[in-house]
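Here is the structure we will look at.
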Amino acid sequence: MKIQLQDGSIKEIEKGSKEAFDVLNHSTSHLMAEAISELYPEAKFGFGPSIEEGFYYDIDFNDQVITDDDLAKIEKKMHEIASKGQKIIRKEVSKKEALEIFKKNPYKVELINGIDSQITIFSQGEFVDLCAGPHLLSTEPIKHFKLLNIAGAYWRGDSKNKQLTRIYGTSWYSDEELKNYLQMVEERKRRDHRLLGKQLDLFMISEYGPGFPFWLPNGMTLRNNLIDFWTKQHIKYDYEFVDTPIILSRELWEISGHWDHYRQNMYTLKIDDKDFAIKPMNCPGGILVYKNSIHSYRDLPIRMAELGHVHRHEASGALNGLFRVRTFTQDDAHIYCRRDQLTDEIITLLNFYEEMYSVFGLKYSIELSTRPEEGYIGDIEVWNQSEKILEEACRKSGHEFKINPGDGAFYGPKLDFKLKDSMGRIWQCGTIQLDMNLPHRFGMYYIDENGEKVEPIMLHRACLGSVERFIGILIEHYAGAFPEWLAPVQINILPVNNNYHLNYAKELKDLFKKKGYRATLDASEEKLGYRLRNSQVKKIPLTIVIGDNEVKDRSVTYRRYGQKDQVTISLEEFIKMVDKDIEMKIAY
RNA sequence: GCCGGCUUAGCUCAAUUGGCAGAGCAACUGAUUUGUAAUCAGUAGGUUGUAGGUUCGAUUCCUAUAGCUGGCACCA
């Protein structure tokens, strides 16, 4: 298929490509704008790009509120216009001409005034838009689209500016693709950790504590198992563990710089007329531990891990289930090392993270965030060197990464590990940060081979990031059907008949308990089908049915979650299988 | 925090134009003793988020407020 570029050239592209999707969606956003300008002549348009899964357009409706009914109306108009199959015409204009065309639209005027290069406009019928393309040759292929939702969005992404109405939509080349996409959106909703968290009694959030999650017994089991694994991994990688106080005095936060920079996001309180703060981060406490004794160059690297319970005052509108909360547990660690140990430490960390995430089958991407344009501390030479070290560590250990320019912390560059939730939203989980600030501020040192005091290099790192967020991602990743090693209940035992089979069932439950399995026995006076269904609804990995045959042979008939077939094996084999599943952390 | 939307039984949702708050599931009680995704019958369950207002009368309309939610901004 053919598309037209900004310079007027025609390019042949493949219909299934990402580029083709983008062009279609961009042209659909123009079609939507055309429909809107017919229905609401006063509407002024801002940005209207294609995005990952569709498109949006930001529109100033002069304070008129747009509802779902309006969306339906706009969609109808779009179909009407598209059926005419208008040509999409590109034209080059001068700045003066452009300003004349868009004189009624302050947003486009602002954009035009910011353009130094060639200005192009694309038009279809009566509708003209300032645009760099690329576009379809006509509106003819635009048939299979849907407007999805309405949102508010600040002009140019700045909360100081006016908020426009953003309409999101998605557009595809065939009805089948559109249907598939909408079906996938539904599936994502079914996997939403907030929904599953409720269904499976994992956690709750009370209106008495917005953003402060409660862990219910099932969720706590899951969490404890995760943390148990986490602890073992850290022991394997030679970490020590500490725990530092949740409340510390204002002076400490002044030294660390948090009191000045981030007080708005900190919960503060007075104790005996003195200012204190609830920790939003663990580093200052960790540093006090480091400073509690004198360290020799021989002691380094020191790797100190802490499951730190932090509180941050997040904006009310930012709260989102377990993904964005006001209190969470960071699987934090601080590594203090010499300069010559740094690269190896980072490579080890990269491998460590790889090992952790792969246990869950989670895909991730790495971003290297570099020095911010402004507000950074320390000298550029050290920054450049540090960035190079992070880069080199990725290269040496064979990890691909993307550079995220200017997004580093003010105190140093970092590697961020991003995981996707079921909605396709990206969440930062792991991080490795090089800190060129705190060791100095806190006057940290170790004694080198000449007996001199030397400042150590400090790495902040979190692998899961937030235990809460990570579990949220796990819930969605597994759609609530956890592998045995994590599942709140691993085995559900169903006796066919309580008069004849209950004894063996109880014997099994006792045995499983001794083995450390989490097993339940459902001896309620319900039909087997009913109890089996309950077992599936609760997403219990293994459901075993005990009847005459099993009692006679001392065997077990089991069925895995989500599978229809039943397998009968000896009790010994069953135990061997469960042990292996748990040990190997197998997910079915 | 900002722009929209939502809030009815433990859960999922109904309730005509403003006119007696209702169902399924879960719970409880009883019967049923069950071989792979819902046995039957009954009982109980509510200050319709909260506080005001309009009205003879409010789940329904208005105002405020809290929480949730789709985005935006924010995320050290």
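Proteins come first, then strands; the chains are lettered A, B, ... in the order of their sequence lines, and each starts at number 1.
For Leu528(A), the side-chain atoms get nearest to G35(B) when compared with the rest of A73(B), G35(B), A76(B). The side chain of Ala318(A) sits closest to C74(B) out of G35(B), C74(B), C68(B). In the set A26(B), A76(B), C2(B), the nucleotide with an atom closest to the side chain of Tyr154(A) is C2(B). The nucleotide whose nearest atom lies closest to any side-chain atom of Leu532(A) is, among U34(B), A37(B), U33(B), A37(B). When distances run from any side-chain atom of Val496(A) to the nucleotides G35(B), A37(B), A73(B), the shortest one goes to G35(B). Ranking A27(B), C72(B), U34(B) by closeness to the Asn497(A) side chain, first place goes to U34(B). Out of A37(B), U34(B), U69(B), the shortest distance to the side chain of Arg194(A) is found at U69(B). Candidate nucleotides G35(B), G4(B), A38(B) were compared by shortest atom distance to the side chain of Arg533(A), and A38(B) ranks first. Taking every side-chain heavy atom of Arg324(A) into account, C75(B) is the closest of A76(B), A37(B), C75(B). The side chain of Arg312(A) approaches C75(B) more closely than any other nucleotide in the set A27(B), C75(B), A37(B).
Aromatic ring pairs are classed by plane angle as parallel below 30°, tilted from 30° to 60° and perpendicular above 60°; the pair Tyr517(A) and Phe512(A) is tilted. Classified by interplanar angle (parallel below 30°, tilted 30° to 60°, perpendicular above 60°), the ring pair Phe417(A)/Tyr353(A) is perpendicular. Using cut-offs of 30° and 60° for the angle between ring planes, the Trp155(A) and Phe47(A) rings count as parallel.
Between Thr568(A) and His261(A), the residue anchored nearer the 5' end of RNA chain B, judged by the nucleotide with its closest heavy atom, is Thr568(A).
Asp158(A) places its CG atom 16 Å from the P atom of C2(B), with the value rounded to the nearest Å. Counting to the nearest Å, the P atom of U36(B) and the CD1 atom of Ile544(A) are 17 Å from each other.
Between the side chains of Asn62(A) and Tyr40(A), no donor-acceptor pair of N or O atoms lies under 3.5 Å.
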